[in-house]
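Some notes on the structure that comes next.
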There are 2 protein chains.
Amino acid sequence: MNKRIQLSTETLRCSTCGLGQFCLPVGMAPADAHKMDELVQLRLRVGKGQPLFRAEDGLDAVYGIRFGSLKTLVELADGRQQITGFHLPGEVIGLDGLGRETHASTAVALEDSEVCVIPIRDLSVVATHLPSLQRQLLRLMSRELENDQQLLLSLGAMRAEEKLAAFLISLSDRLSARGYSSSQFVLRMSREEIGNFLGLTLETVSRLFSRFAKAGLLRINQKEVELVDVPALRQIVGRQC
Amino acid sequence: MNKRIQLSTETLRCSTCGLGQFCLPVGMAPADAHKMDELVQLRLRVGKGQPLFRAEDGLDAVYGIRFGSLKTLVELADGRQQITGFHLPGEVIGLDGLGRETHASTAVALEDSEVCVIPIRDLSVVATHLPSLQRQLLRLMSRELENDQQLLLSLGAMRAEEKLAAFLISLSDRLSARGYSSSQFVLRMSREEIGNFLGLTLETVSRLFSRFAKAGLLRINQKEVELVDVPALRQIVGRQC
DNA sequence: CGGTCCTTTGAGCGCCTTCAAAGTAGGTGG
DNA sequence: CCACCTACTTTGAAGGCGCTCAAAGGACCG
């Protein structure tokens, strides 16, 4: 089970959280950001491999990632699944269920992680009187739509090589926006998960990593990657994505 | 260019529009629905093959489809494109750009169509004081997220036969919800567009139609389809989607 | 240190694509 | 109204990209 962490007034809150620039409070005036503090009273620890929520579950909260990383996925009746996203600290997940008040996807931790619980009951109450929060919700959801559309482009219109290059570039950009190295990082997901995400098999992903490494585009050792020739990788994608 | 139609007080408005159950006013109290009338002062005629908006364009409105149908798509730098949706009357398109105030996708009419113009400037003003509209916006966006996720599942996890069956079933359901026949309808899009949408080539789509017809699952004559054995089609998809 | 899971690499195959050509529909202008 | 043109569709044949099957080598964990 996921471990609950009750927040006291002393604890780090939204208004002082360094991830604010990616999370719900983006672009809010300090006064408004303080109202977020009332909203988030609880955090959850989610162990590696543990689900945070499952598709079809009733939705009573959305979640901001404090540390760690999670994947979201949707499933077919026969068990086949499609990973729809890998999520980093500062991202808010669960928004795709807001309409039906039922989760549309399942979220699973890729590593031990911690998330801030944002109860939607309170969220909608606060948002009613807080235009900046309304706007931010719409902004986050439309960003998620854009992400899905990029993934659709990957799955539908790219070849294997381009898919993996696009994946690495995108991950590099997101990590670098969060202050991590853009060229050296650890893949928290397995080859199989990358393959599933991109519509490839794990063997194809592994072969592509080997081929990219042989071509001098990157170095790879298990889950550690170092992008050596980013411009070449970008060119594989098509110099714009 | 698209033809503008200024609305008078006499004209059919949101509060009396039969498509309200699919469009922005879903589930609004009559009093609230009337406020929508102030919002929509203009309609546009879009000729077959004409763009309603293009990705990267500034976004100053979202659009409710009155009649006709449109496709939305995203593009790669080299021109390859991925169709992300086919849209029917009552659907609101352009929401994916709300965050950046820039369109994230391009919308093109599949046939001569008419859309209601919903200016976002006014929309956000009205929404601030109208919680039912805020909720409806979130609901529409999260539904769009769900649609994208279903498509991701198609593109990434299904085989050609399943993709086409799922496409037909989904279209049938949506048409029937709008009062059209669920078993006989006209495909407004070409084989190439269906293929692009599903991550297949136009030849594969054509062959699948022929194969389905030979198996007695459907009849097809150019763009006219009649679904003969819907249960069998659903079974191909995996009896749940 | 044993077990399990993940990754790598090879060989062969199959689904879907590519290439090609003929057939059909729809629209336009003479 | 018909001839022509263009765009779309159908069908066949051949080929390739990525998959499936298989096995060995590492890494991680209790």
Side-chain angles (χ1 to χ4, degrees), chain A residues 47-50 71 80-83 86 108-112 154-168 186-215 218-226 236, chain B residues 47-50 71 80-83 86 108-112 154-168 186-215 218-226 236:
Chain A
K48 177 175 179 170
Q50 294 298 309
K71 63 177 173 182
R80 275 178 293 177
Q81 50 185 45
Q82 173 65 41
I83 296 175
F86 297 116
V108 176
L110 293 175
E111 59 189 313
D112 291 349
S154 272
L155 285 171
M158 289 187 182
R159 281 173 307 108
E161 234 180 34
E162 300 170 314
K163 291 179 181 184
L164 189 64
F167 169 72
L168 290 170
V186 175
L187 299 169
R188 296 298 174 182
M189 65 297 287
S190 68
R191 301 288 187 267
E192 181 168 26
E193 287 167 325
I194 297 173
N196 178 298
F197 181 65
L198 298 174
L200 301 170
T201 57
L202 67 99
E203 294 95 329
T204 301
V205 172
S206 176
R207 274 186 255 270
L208 284 171
F209 272 129
S210 301
R211 203 196 307 168
F212 282 178
K214 195 167 291 177
L218 50 76
R219 275 191 272 274
I220 182 137
N221 186 343
Q222 297 296 122
K223 299 206 182 272
E224 288 165 26
V225 204
E226 181 186 353
I236 289 177
Chain B
K48 177 174 178 170
Q50 294 298 309
K71 64 177 175 182
R80 276 177 293 177
Q81 51 185 45
Q82 173 65 40
I83 295 176
F86 296 116
V108 177
L110 294 174
E111 58 189 314
D112 291 350
S154 271
L155 285 172
M158 289 186 182
R159 280 170 310 106
E161 236 181 32
E162 302 170 312
K163 290 179 181 184
L164 188 63
F167 168 72
L168 290 170
V186 174
L187 299 169
R188 297 298 174 182
M189 66 296 287
S190 68
R191 301 288 186 269
E192 181 169 26
E193 286 167 326
I194 297 173
N196 179 298
F197 181 64
L198 298 173
L200 301 170
T201 57
L202 67 101
E203 293 95 330
T204 300
V205 173
S206 176
R207 275 185 255 270
L208 284 171
F209 273 128
S210 301
R211 202 196 307 167
F212 281 178
K214 195 167 288 176
L218 51 77
R219 274 191 271 277
I220 182 139
N221 185 344
Q222 298 296 123
K223 299 205 181 274
E224 288 165 27
V225 203
E226 180 186 353
I236 290 176

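Naming: A, B, ... by sequence-line order, numbering from 1 per chain.
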Discussion item. Counting only heavy atoms not in A:Lys223 (residues, nucleotides, ligands), do more than 12 fall under 6.0 Å from its NZ?
Written reply: yes

Worksheet item: Once the angle between the rings of A:Phe86 and A:Phe167 is folded into 0 to 90°, is it parallel (under 30°), tilted (30 to 60°) or perpendicular (over 60°)?
Response: perpendicular

Discussion item. B:Arg219: which residues meet the salt bridge (charged side-chain N to carboxylate O under 4.0 Å, His left out) condition with it, sequence neighbours left out?
Written reply: B:Glu226

Discussion item. Output one letter per nucleotide in nucleotides 5-20 of chain D: B when a protein non-hydrogen atom lies under 4.0 Å from the base, S when only the sugar-phosphate is that close, - when neither is.
Written reply: ----SBBBB----SSB

Worksheet item: Taking atom P of D:dG30 as reference, at what distance in whole Å does atom NZ of A:Lys48 sit?
Response: 10 Å

Worksheet entry | Flag, side chain of A:Gln50 to backbone of A:Val108, donor-acceptor distance under 3.5 Å | no

Item to complete: State whether the number of non-hydrogen atoms from other residues, nucleotides or ligands found under 6.0 Å of B:Gln81 atom CD is greater than 12.
Response: yes

Worksheet entry | Length of the CG-C1' vector between A:Leu187 and C:dC6, whole Å | 13 Å

